[in-house]
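Only one structure is covered here, and it is reproduced in the block below.
Both ligands and their constituent atoms are indexed starting at 1 by order of listing. The model shown is predicted, which means the values in this text are computed figures rather than measured ones. Numbers here are sequence positions counted from 1.
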Amino acid sequence: MGKATGFLEYTHCQNADVPALERIKNYDELHTPLTESDRRKQAARCMDCGVPFCQSNYGCPLRNVIPEWNDLLYRGEFDTAARRLLMTNNFPEFTSRVCPALCEAACVCNLHDKPVTTRDNENFIIEQAYASGLMTAKPPAVRSGKKVAVIGSGPAGLAAADQLNQRGHLVTVFERSDRIGGLLMYGIPNMKLDKSVIDRRVKLMEQEGIIFQTGVNIGKEQNAEEILKAFDAVILACGASQPRDLPAEGREAEGIYFAVDYLTSATKTLLDGGDPADAPVSAKNKRVIIIGGGDTGNDCAATAIRQGAVSVTQLEMMPKPPESRTETNPWPEWPRVLKTDYGQEEAIAVWGEDPRIYETTVKRFIMNENHRLTGAELVKVWFETNPETSKRELHEGKTWTIETDLILIAAGFIGAEQYITDAFGIALNARHVTDTLPESHMTAVPGVFTAGDMHKGQSLVVRAIADGRAAAKETDLYLMGYTNLP
Ligand SMILES: Cc1cc2nc3c(=O)[nH]c(=O)nc-3n(C[C@H](O)[C@H](O)[C@H](O)COP(=O)(O)OP(=O)(O)OC[C@H]3O[C@@H](n4cnc5c(N)ncnc54)[C@H](O)[C@@H]3O)c2cc1C
C-alpha cells in the first residue's frame, strides 16, 4: 500500500468534463485528464483494503488487480502498472472510457466517502503506456499451425482474437461492417470513445499477426460451411443486435428509426469526413422523441443536440429512480439510483430542463397523408401486481399528443440475429442468445464457440471482453488438449 493516509489527505477528483455548452459544439471526447501529480494522488487514495470488493463479483468482471496498479501508479512505476493492468484486461483504453465502473461502486472508500477514481486511473496508465512507447506490437514467438475464425469484431471478438493470437494460433476476424469494433465503433458515440483509439489498437493487433476482413457477412455473403472447412475452430461473437420494437399503430410512418441505426449513421458520416448533421438520418432542425430512458437513449440525446435538434424528449416507462440507495440496494451492489448522464446534462444546459418523462410511452404514431411522422400520442403507464395472479401488469392512464419529426427507438435488444446461428446449425435458447453446452462457451457443433452479447445478451464492454477471454481459453483447450491461457 503506497500511502497509508492517502484516502484521508486527498479528496476525490475525477477527470473534469468539458462544460456542456462548449462540448456540444463538436463530437470530441468530453473528459480532460488530470495532471500526472494529481492523478498519482488519486491513486494514493486506494486503501489496499483487506477484501478489495472492486475485484469481487460486485466489482470488475475482468478481476483487474486494481489495488496493485493503483499502488504502482501512486509510486510512479507506470510501466509495471501497465503490465499488471494488461495481464487481465486486453483493452484498458476502451474500458477506461466507456465502463460504468462497477469497481468504483463496489469500492470500500465508497461506503463512507467517494470511491477511488479507478476508471480514470486506468485511463492514465494505458495512455501513459502508449505515450511512452511501451505499447509496441508483440507477435507470438511460435505459431501452433492452428487456424481460428472469429466472427464479429466487437470487444468480445477482439479479446478472443487477441488471446488466441498471443497463444500462437492464426486468427482471422470477419466483420460485416465497413469498420472494426462492433458497438465500440458504431454504437458508442465518438464523444465517449474517440474512434482513433480503436484504430490504434487494431493496427497493433494487425502487426501482431491477426488478419481483419471487413465487409464480410458470414451466413449471407460468405457461407458458414466454407468457414468450418477452412478453420480448426470458430468463435461467434456477433452481438445481440436485434432491437426491441414498439409495434404501436402508425409504426410504418417515415421518420422512426432504431437508435443504433441512427447512431451508426452519425458516426459513419463523421469518420467519412462529413458533418453528422448532414447524415442520412439526422436530428437537425427536428423535434426529437427518444423512446427509452437508458444509456443508449442518452447517447441519442447527445448526438441529436450536436446535430442541431430543436427539442429532445426522452420517454421512460419505469418510474423515476430514487436519488440515493434504498435499503434493498446496499453497497457494494451497483446503485440503482437516478443518474444524469452527459446527454441529459447537455439537454438541461441547452433547454433548462431534464429531457426525461417517466412512466410514459407512445400509444400511437401520427403521420400526415404522405406517411411522414408528425406527432405521437403518449400515454401514462404504471405497473401493479395483480393480487390474484401475483403477476405485474401494465396499466394505462391519461393520454396526450405531442408534435415530433423524428422518433428514435432505444428500447433495448431482444437477442442475437438468427440467420447467423441458423447458418452454423446452432440453436438460440429461450433468452434468444446462442445455446451452449452446460457451463461452456462451446455450442452443439464441435469446435464452434460463442462469446459476448451473442452468448450472454446485451451487456457491457467489460463483460464482453471477459467473455471473449473465457471463450478463447476454451477454444485453446479444444485445439491443443491443454491451455495456459488465463
Ligand atoms: C448505443 C450503445 C451504447 C453503449 N454504450 C456502452 C457503454 O458506454 N459502456 C459499456 O460498457 N457498454 C455499452 N454498450 C454495450 C456494449 O457496447 C456491448 O455490450 C458490447 O459492445 C458487446 O460486445 P460484443 O463483442 O459481444 O458485440 P458487438 O459489439 O455488438 O459486436 C458484434 C459485431 O459482430 C458483427 N457481426 C454480426 N453478425 C455478423 C456476421 N454474420 N458476419 C460478420 N460480422 C458480424 C457486427 O457487425 C458487430 O460489429 C452500449 C450499447 C449500445 C447499443
Side-chain angles (χ1 to χ4, degrees), residues 60-62 90-91 94-102 119 149-161 172-193 198 212-224 227 234-244 258-264 266-267 290 292 294-303 341-343 408-413 415-424 433-434 441 450-469 471:
C60 182
L62 286 163
N90 303 67
F91 311 119
F94 305 157
T95 47
S96 69
R97 285 172 165 84
V98 306
C99 192
L102 312 173
R119 180 182 45 205
V150 174
I151 321 291
S153 70
L158 290 180
T172 305
V173 177
F174 295 94
E175 170 55 58
R176 68 182 170 189
S177 173
D178 63 338
R179 287 183 170 91
I180 295 295
L183 287 170
L184 293 168
M185 177 62 73
Y186 290 136
I188 299 174
N190 203 66
M191 296 80 87
K192 278 189 85 174
L193 172 62
I198 306 171
F212 288 97
Q213 287 195 17
T214 52
V216 188
N217 195 337
I218 307 293
K220 284 207 170 146
E221 287 131 26
Q222 184 155 355
N223 201 315
I227 297 282
V234 178
I235 298 183
L236 301 175
C238 302
S241 45
Q242 192 126 287
R244 176 171 289 112
F258 287 116
V260 171
D261 295 340
Y262 164 72
L263 292 167
T264 300
T267 302
I290 300 162
D295 295 345
T296 302
N298 172 70
D299 289 334
C300 290
T303 305
D341 213 335
Y342 72 104
L408 304 171
I409 302 179
F413 298 84
E417 289 176 73
Q418 202 165 339
Y419 77 89
I420 309 158
T421 43
D422 279 354
F424 283 90
V433 290
T434 316
H441 289 76
T450 185
D453 283 1
M454 191 178 186
H455 177 214
K456 299 271 172 94
Q458 265 285 337
S459 188
L460 295 174
V461 168
V462 68
R463 292 207 176 100
I465 296 173
D467 207 47
R469 289 169 67 91

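Residue D299 holds its CG atom at 11.5 Å from CG of L408, rounded to the nearest 0.5 Å. Of the inter-residue distances, the one linking L193 atom CG with I188 atom CD1 reads 6.0 Å to the nearest 0.5 angstrom. To the nearest 0.5 Å, atoms CD1 (I290) and OG1 (T296) are separated by 10.5 Å. Rounded to the nearest 0.5 angstrom, F258 CZ and S241 OG are separated by 11.5 Å.
Distances from ligand 1 to the non-hydrogen atoms of L184 include no value under 4.0 Å. Residue contact annotation: G187 has a non-hydrogen atom under 4.0 Å from ligand 1. Using a non-hydrogen distance threshold of 4.0 Å, D299 registers as a contact of ligand 1. The shortest separation from a heavy atom of A259 to ligand 1 is not under 4.0 Å, leaving the residue out of contact. At least one heavy atom of Y419 sits closer than 4.0 Å to an atom of ligand 1.
By the criterion of a heavy-atom distance under 4.0 Å, both the backbone and the side chain of A156 are placed next to ligand 1. At a 4.0 Å heavy-atom cut-off, ligand 1 does not touch L158 at all. Counting heavy atoms under 4.0 Å from ligand 1, residue F413 touches it through the side chain alone. When heavy-atom distances to ligand 1 are checked against a 4.0 Å cut-off, I420 comes that close only through its side chain, counted from C-beta outward. Of the heavy atoms in V260, only side-chain atoms (C-beta onward) come closer than 4.0 Å to ligand 1.
R244 places a side-chain N or O within donor-acceptor distance of the main-chain N or O of A411, the cut-off being under 3.5 Å. A donor-acceptor pair is defined here as one N or O able to donate and one able to accept, closer than 3.5 Å; no such pair exists between the side chain of S96 and the backbone of R119. Remark: side-chain polar atoms of D467 are not paired, donor with acceptor, to backbone N or O of A451 under 3.5 angstrom.
When side chains are defined from C-beta on, S177 does not count as touching T214, because their heavy atoms never get closer than 4.5 Å. Between I409 and P243, the closest side-chain pair of non-hydrogen atoms is not below 4.5 Å. Within the 4.5 Å cutoff, the side chain of H455 has no heavy atoms near those of the V433 side chain. Counting heavy atoms from C-beta on, the side chains of F94 and V462 never come closer than 4.5 Å.
Counting protein heavy atoms only, atom 48 (C) of ligand 1 is closest to E175 OE1, 3.5 Å. Atom 19 (O) of ligand 1 has D453 OD2, 3.0 Å as its closest protein atom, hydrogens excluded (heavy atom only). The closest protein non-hydrogen atom to atom 34 (O) of ligand 1 is G152 CA, 3.2 Å. Atom 15 (C) of ligand 1 has its closest protein heavy atom at S459 O, 3.3 Å. Protein heavy atom nearest atom 9 (N) of ligand 1, with residue, atom name and distance: V98 O, 2.8 Å. Here the heavy atom of the protein found nearest to atom 42 (N) of ligand 1 is I218 N, 3.0 Å. In terms of protein heavy-atom proximity, atom 40 (C) of ligand 1 is nearest to N217 OD1, 3.6 Å. With respect to atom 12 (N) of ligand 1, the closest heavy atom belonging to the protein is V461 N, 3.5 Å.
Within ligand 1, the atoms closer than 4.0 Å to a non-hydrogen atom of L263 are 1 (C), numbered from 1 in the order shown. Residue G182 approaches ligand 1 through these ligand atoms, each under 4.0 Å from one of its heavy atoms: 29 (O), 31 (O), 48 (C), 49 (O). Interface of F174 with ligand 1, defined as ligand atoms under 4.0 Å from a residue heavy atom, comprises 43 (C), 44 (N). Below 4.0 Å from some heavy atom of V216 lie the following atoms of ligand 1, by number and element: 42 (N), 43 (C). If you number the atoms of ligand 1 from 1 as listed, the ones under 4.0 Å from a heavy atom of A237 come out as 32 (C), 33 (C), 34 (O). Near A464, with a cut-off below 4.0 Å to any heavy atom, the atoms of ligand 1 are 22 (C), 23 (O). Numbered from 1 in the order shown, with element, the atoms of ligand 1 that lie under 4.0 Å from a heavy atom of L460 read 10 (C), 11 (O), 12 (N), 19 (O).
Of the options K456, R176, R97, the smallest heavy-atom separation from atom 36 (N) of ligand 1 is shown by R176. Evaluated by nearest non-hydrogen atom to atom 8 (O) of ligand 1, the leading choice among M454, K192, Q458 is K192. Counting only non-hydrogen atoms, the option in P100, C238, P155, G154 that gets closest to atom 21 (O) of ligand 1 is P155. Across the listed options T95, I188, L236, I188 owns the non-hydrogen atom lying nearest to atom 6 (C) of ligand 1.
Distances between N or O atoms of S177 and those of ligand 1 include no value under 3.5 Å. Checking only distances, G452 never comes within under 3.5 Å of ligand 1, N or O to N or O. For the pair A451 and ligand 1, the shortest N or O to N or O distance does not fall below 3.5 Å. The N/O atoms of T296, backbone and side chain alike, include none that comes under 3.5 Å of an N/O atom in ligand 1. Between L183 and ligand 1, an N or O atom pair is found at a separation short of 3.5 Å.
For the ring pair (Phe, Tyr, Trp, His ring centres under 6.0 Å) test, residues two or more places apart in sequence or in another chain that qualify with F174 are F231.
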Next item on the list: Walk me through it: do M454 and T421 pass the test side chain to side chain contact (heavy atoms under 4.5 Å, CB included)?
Entry: CA-CA 10 Å; M454 191 178 186; T421 43; 3.8 Å; yes
Next item on the list: Start with the C-alpha gap between L158 and I180, add the side-chain angles, then the distance that decides, and say whether side chain to side chain contact (heavy atoms under 4.5 Å, CB included) holds.
Entry: CA-CA 9 Å; L158 290 180; I180 295 295; 4.0 Å; yes
Next item on the list: Given side chain to side chain contact (heavy atoms under 4.5 Å, CB included), test V260 with Y186 step by step and report yes or no.
Entry: CA-CA 7 Å; V260 171; Y186 290 136; 5.8 Å; no
Note to self: Show, in sequence, the C-alpha distance, side-chain angles and deciding distance for I151 and Q222, and conclude whether the side chain to side chain contact (heavy atoms under 4.5 Å, CB included) test is met.
What the structure shows: CA-CA 11 Å; I151 321 291; Q222 184 155 355; over 6 Å; no
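When the options V216, T172, I218 are evaluated for a side chain to side chain contact (heavy atoms under 4.5 Å, CB included) with I227, the one that passes is I218.
Among residue pairs with one or both ends in residues 173-192, those qualifying as salt bridge (Lys or Arg N to Asp or Glu O under 4.0 Å) are R176-E417, D178-K268, R179-D272; sequence neighbours excluded.
Heavy atoms only, all atoms of each residue included: A266 and T303 are closest at CB-CG2, 3.7 Å.
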